[in-house]
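Below is one structure, written out as structure tokens; comments come after it.
Counting convention: from 1, in listed order, for ligands and their atoms alike.
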Amino acid sequence: MLTKKHALITGGAQGIGLGIAEAFLDEGASVVLADRNEEVLEETVATLRSKFPDSQIYGVEGDVSDADAVEKMVAEAVEATPGLNVLVNNAGFGALSRFWEMDPEIWRAVVDTTLTGTFLVAREVTRSMLAREARGSIINIASVNAVIPTTGCAAYCSAKGGIEMFTKTAALELAPHHINVNAIGPGTTRTPLTELTYETPGFKEGVLEHSPMGRLGEVEDIAKVAVFLASEYASWVTGQLILADGGQGLIGLPPYYETLMGE
Ligand SMILES: NC(=O)c1ccc[n+]([C@@H]2O[C@H](COP(=O)([O-])OP(=O)(O)OC[C@H]3O[C@@H](n4cnc5c(N)ncnc54)[C@H](O)[C@@H]3O)[C@@H](O)[C@H]2O)c1
């Protein structure tokens, strides 16, 4: 399904990004993983190369919130896979705090990686694709929090909501160039990011109570949507946010802050 696809996946060293990389490799794509955690990135690339010995798999180190680093990261990715035609903007994280108690530095760190990083990497990859007249796809990993607020997550929700509008605007600008831009909004998904919070008493139960399908998401649930959006099956789909959340967005999310802070 993705044999002519060459993908750059940010935050690809673990979690959802890694799940997407594996699914893309299964479908015949070549992948470049970009991550700021060099150690985990190296281990992941080595593991994937032994699992997919016939595939092209590369790793590039860099921080998506740093414009100069992004320029270098994308140049290296294009050097490794000159036909680069898919970008998955996946790097992102949140911080738990009531907004009136939040340190502006923490707000900036969340927004710089999650929203500004999405813009910076999309900008560099788009420039490269336009210069090569390449058609392809940009897939931004948002969250169910792009459309549903949760207590204690103002910076994250704002950044993810921003990704939805960035996706729509970029889709409009890139439609004449046949570059599709879409977003995926995962619900609560089991990854290293969420693993620790699951151990907090009441957290997992709260999520499950607010999960119409009665389970947490797995990275494969998100990766399947990314495969679709990167494929020719989605050639007429652009500017969309697809929630992959087992129905969480239909009924709202549990009070994360209260549970995690024991309030
Ligand atoms: N796990 C969930 O429940 C969930 C739900 C909704 C949305 N998401 C979103 O999915 C994406 C991946 O989440 P995850 O749970 O796999 O997270 P994770 O923390 O397990 O993995 C994120 C990866 O991104 C990398 N990264 C972080 N900041 C970076 C930066 N500035 N530059 C380069 N790399 C950076 C990290 O090193 C890590 O390898 C995030 O955007 C997250 O907001 C996750």
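- Residue-level contacts of ligand 1 at the 4.0 Å heavy-atom threshold are G11, A13, Q14, G15, I16, D35, R36, N37, G62, D63, V64, N90, A91, G92, T113, I141, A142, S143, Y156, K160, P186, G187, T188, T189, T191, P192, L193, T194.
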**OP:** Using the side-chain contact (heavy atoms from CB on, under 4.5 Å) rule, take V40 and D35 through it: C-alpha gap first, then chi angles, then the decisive distance, then the call.
**Re:** CA-CA 9 Å; V40 181; D35 208 287; over 6 Å; no

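- A salt bridge links R98 with E258; the closest basic N to acidic carboxylate O contact falls under 4.0 Å.
- Using a distance-only test at 3.5 Å, with no hydrogens or angles considered, a donor-acceptor pair links the side chain of N180 to the main chain of S235.
- A donor-acceptor pair shorter than 3.5 Å cannot be found between the side chains of T81 and Q56.
- Between Y156 and F93, a ring centre-to-centre spacing not shorter than 6.0 Å is recorded.
- Classification of K72 and E76 as a salt-bridged pair holds, one side-chain N sitting under 4.0 Å from a carboxylate O.
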